[in-house]
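Reviewing the structure listed below.
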Amino acid sequence: MAMLQVNDIHSYYGHIHALKGISLTVDKGEIVTLIGANGAGKTTTLKTISGTMHPRHGAITLDGEHIEGLPPHAIVMRGIGQSPEGRKIFGALTVQENLEMGAYARTDKPAIARDLDFVFTLFPRLAERKFQLGGTLSGGEQQMLAMGRALMTHPRVLMLDEPSMGLAPVLVEAIFETIQKLNQEGTTILLIEQNAAKALQVAKRGYVIETGQIVLQDTAENLRKSELVRKAYLGEM
Amino acid sequence: MKATSNADLWLAVKIGLIGGIVVVAIALEGMIQAFSPRDIVGGVITMGQTLLLVTLLATAYIAVSRGESHQPMRALVNGAAAGVVVNCLLVVLIWLGAFLPLGAMFLNATPQLYDLLTLGLGPLTGTLFLLIAGLVVGAIAALIYLLPPQVRRAVLIALTTVLLMGVLQDLVTVTLSNFDAFTPITKFLYAQNGLSIAGALTILIAVGVASYLWSQKSAQVQARIDRLPPTRQRALRWTSILISIAILLLLPKILGLYLSEVLDNVGLYLLMGLGLNIVVGFAGLLDLGYVAFFAIGAYTVGVLTSPELGRAIITDSWWLALPFAVIVAVLAGVLLGIPVLRMRGDYLAIVTLGFGEIIRILVGSDFLRHWLGGSQGVLLIAKPEVGPIKIINPPEFYYLFLGGCLLVIFISMRVKNSRLGRAWMAMREDEDVAQAMGIELVATKLMAFGLGASFGGLSGAIFASKLGSVYPHSFNFLVSVNVLSLIIIGGMGSIPGVIVGALALVGLPELLREFAEFRYLFYGAALVVMMLTRPEGLVPEARRRIELEEFREEGGESPPGADAPVLKPAGQP
């Protein structure tokens with residue numbers, strides 16, 4: 001039984017039919033990637049799962065429990081954490097306060113302290129900059145902070161929206177290494193990416209989304225070889 | 001080198017021109033005539049002359065401080081140049097006035113004004129005098145600028161104090177006259193009209209020396225306090241808190257009736273300011289209709305305790321009506337909150353503005369006249385009683401405001417550092433992400449509206465009782481604007497800031513009564529200058545200060561680097 005199951009969801013922006021029946025599953029311990037071009041519906045899918053948008057049709061279940069239609073804070077508490085597109089860290093809060101804000105919905109202090117330690121070991125840069133305001137971090141550090149903050153919600157499924165966006169190649173490399181490391185330590189990840197090449201390297205399975213529909217789904221390896229992906233997303237001739 | 005010094009001179013001339021335009025405007029507004037009968041220092045300098053002198057000094061000082069080169073001679077030349085330019089414009093005014101009928105356009109451009117400007121020396125000698133005066137005063141401004149920073153600070157503080165003591169003569173003498181012991185001091189400091197020469201000199205020297213010594217020693221004193229063991233430090237903090245409370249309790253006795261009234265107004269706006277600070281400062285929800293909650297609190301008390309509305313009286317106890325005022329205000333806050341939950345920024349501001357107007361129009365409407373008194377308002381509202389004492393006069397109401405303010409400050413401080421306070425902070429930064437962190441927006445927003453409204457309701461309840469009557473026109477849009485301005489002036493989200501803002505925005509105009517119809521001109525000018533020079537507010541919240549400093553230094557670029565400012569939580573090394 002899949003951990004996160006999205007079943008035929010339809011989402012709208014007013015009259016615009018943005019998601020036309022998206023279905024996907026994420027199993028425990030997997031990295032699953034959702035790749036697609038700008039405007040294909042990647043972020044809309046994430047917003048629908050996290051509850052900031054509600055689907056008009058379709059079901060979303062987390063470990064068998066229906067979560068579609070729940071308010072966002074309830075979904076966070078059930079275990080879906082996210083690092084939003086464009087990072088969106090709290091610029092006027094310090095690094096540590098940003099991370100603590102991630103644990104807002106939790107009350108188990110010892111566990112929160114453990115997770116904070118975990119984040120600081122995962123990203124030593126953040127530990128160095130603990131008391132610096134979030135807005136004064138570099139792009140790469142902000143991405144680390146956004147991921148760390150999402151981890152502080154102690155998610156069962158971690159959704160990352162374009163973690164490589166706007167970063168220098170070296171940093172992209174580092175971020176993907178961290179994603180892999182996190183996964184090896186047991187975190188289930190739904191990775192949304194435009195950088196298909198990198199995403200398919202770390203993911204186990206992948207979905208390709210085009211204009212609100214899943215057009216292809218397979219293991220990452222097979223996707224890398226597929227004609228469509230190679231032409232449209234990997235830039236090969 | 002040559003190029004910069006020429007550029008500096010040009011800058012000085014330009015700033016001088018701006019200062020000159022200000023001076024001419026002041027003259028044509030009629031301020032010089034209006035303020036001439038009053039002396040700052042008796043027989044030496046009138047208030048009108050002081051106004052010109054201060055403008056002149058300030059202009060030259062700004063001109064010198066903006067310059068690139070720091071050679072003393074250059075600074076002197078630039079200051080003198082700026083001073084001469086300022087007074088040149090006055091000379092131009094005088095000569096234009098001598099040949100053209102300026103009085104047809106500017107009512108105040110009379111021979112009397114020219115006489116005042118030239119000290120009665122006539123146009124020719126007067127011109128010479130003004131130019132020399134500009135030169136000398138400009139050079140003095142430069143000299144002040146060239147002093148070592150600590151001395152400069154002391155000199156400026158001393159001069160400002162003398163100025164204030166002169167301007168506030170009536171208030172100070174009336175206050176001091178409450179105490180016989182101070183009579184000789186008053187006699188020494190003040191002449192019939194203005195400060196006495198000896199008094200002015202004494203204040204100048206005493207304040208100057210004191211502030212210089214303080215600037216020398218304050219760091220040492222702070223270091224000594226820091227070295228004390230924690231128990232002693234805590235004892236010291238408690239002693240200072242107790243002393244402050246004692247002073248606060250004695251204040252109306254010291255200040256007398258008029259200033260107690262002023263303090264009551266400050267307290268009223270402070271209560272509202274702290275309430276709006278929750279909504280705008282903490283939660284970041286721009287509310288332009290805050291006066292509504294003030295009105296609701298006032299009218300609830302009015303309706304419950306007034307026998308005037310042509311029906312049986314509900315209660316004659318203000319204390320019994322008070323909780324209802326607060327509860328009704330909270331309900332109104334939540335009711336307003338529900339429809340605007342999805343709105344942000346400007347849209348929210350417009351809707352709340354509408355809400356404020358709706359409440360004002362409702363309480364004044366003929367339709368509800370039977371219940372709310374219509375445009376005649378509600379009269380004979382109950383006064384609070386504490387045991388056998390009935391609270392009636394401003395000094396007695398002061399204690400009510402003080403109690404209310406202390407309670408509200410305490411609640412604000414606690415809530416700011418609570419879980420709810422953190423949720424507001426996240427929401428203020430980014431609503432979407434706050435949601436993604438598991439913050440429940442609906443409850444969090446409604447808590448902000450509700451708590452903010454409760455403070456407004458409380459202030460309204462005290463206000464209604466103090467006046468004994470409420471009228472719809474007391475609750476216009478300007479009240480909301482004033483409350484919002486005092487938060488901005490003080491520093492958004494900062495509790496000490498709201499206190500300072502209330503003192504500055506409500507207390508200051510009362511003290512400026514000396515300037516009669518010109519006081520709002522000064523007040524407006526002060527607001528503009530303030531926002532240009534200190535956009536973060538008088539006592540900004542640490543977080544915002546760092547943010548803005550960052551912004552200024554880096555021109556908006558975020559600097560990756562270890563030298564960025566840090567904000568440590570209390571108790572962290």
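Letters go in sequence order (proteins before strands), and every chain restarts at 1.
Both the backbone and the side chain of A:M101 come within contact range of chain B, with heavy atoms under 4.5 Å apart. Neither the backbone nor the side chain of A:S50 has a heavy atom closer than 4.5 Å to any heavy atom of chain B. Heavy-atom distances place no part of A:E128 under 4.5 Å from chain B, backbone and side chain included.
No more than 12 heavy atoms of other residues, nucleotides or ligands shown are found within 6.0 angstrom of NZ on A:K47. Residue B:M447 places its CE atom among 12 or fewer non-hydrogen atoms of other residues, nucleotides or ligands, all under 6.0 Å distant. The local environment of CE in B:M531 is crowded, with over 12 non-hydrogen atoms from other residues, nucleotides or ligands closer than 6.0 Å.
Closest heavy-atom contact between B:G438 and A:A105: O-CB, 4.1 Å. When every heavy atom of B:A436 is checked against every heavy atom of A:V76, the shortest pair comes out as O-CG2, 3.2 Å.
Proximity of a side-chain donor or acceptor of B:R419 to a complementary backbone N or O of A:Y104 within less than 3.5 Å is detected. Checked by atom type and distance alone, the side chain of B:E429 pairs as donor or acceptor with a backbone atom of A:G91 at under 3.5 Å.
Considering CE of A:M152 and CE of B:M437, their distance stands at 11.0 Å, rounded to 0.5 Å. Rounded to the nearest 0.5 Å, atoms CD (A:Q82) and CD (B:Q435) are 9.5 Å apart. From B:D430, atom CG reaches atom CG of A:L93 across 11.5 Å, with rounding to the nearest 0.5 Å.
Ranked by non-hydrogen atom pairs under 4.5 Å with chain B, the options A:R106, A:K88, A:E100, A:M77 are led by A:K88.
Looking at heavy atoms from C-beta onward, A:H73 lies out of side-chain contact with B:I439 at the 4.5 angstrom threshold.
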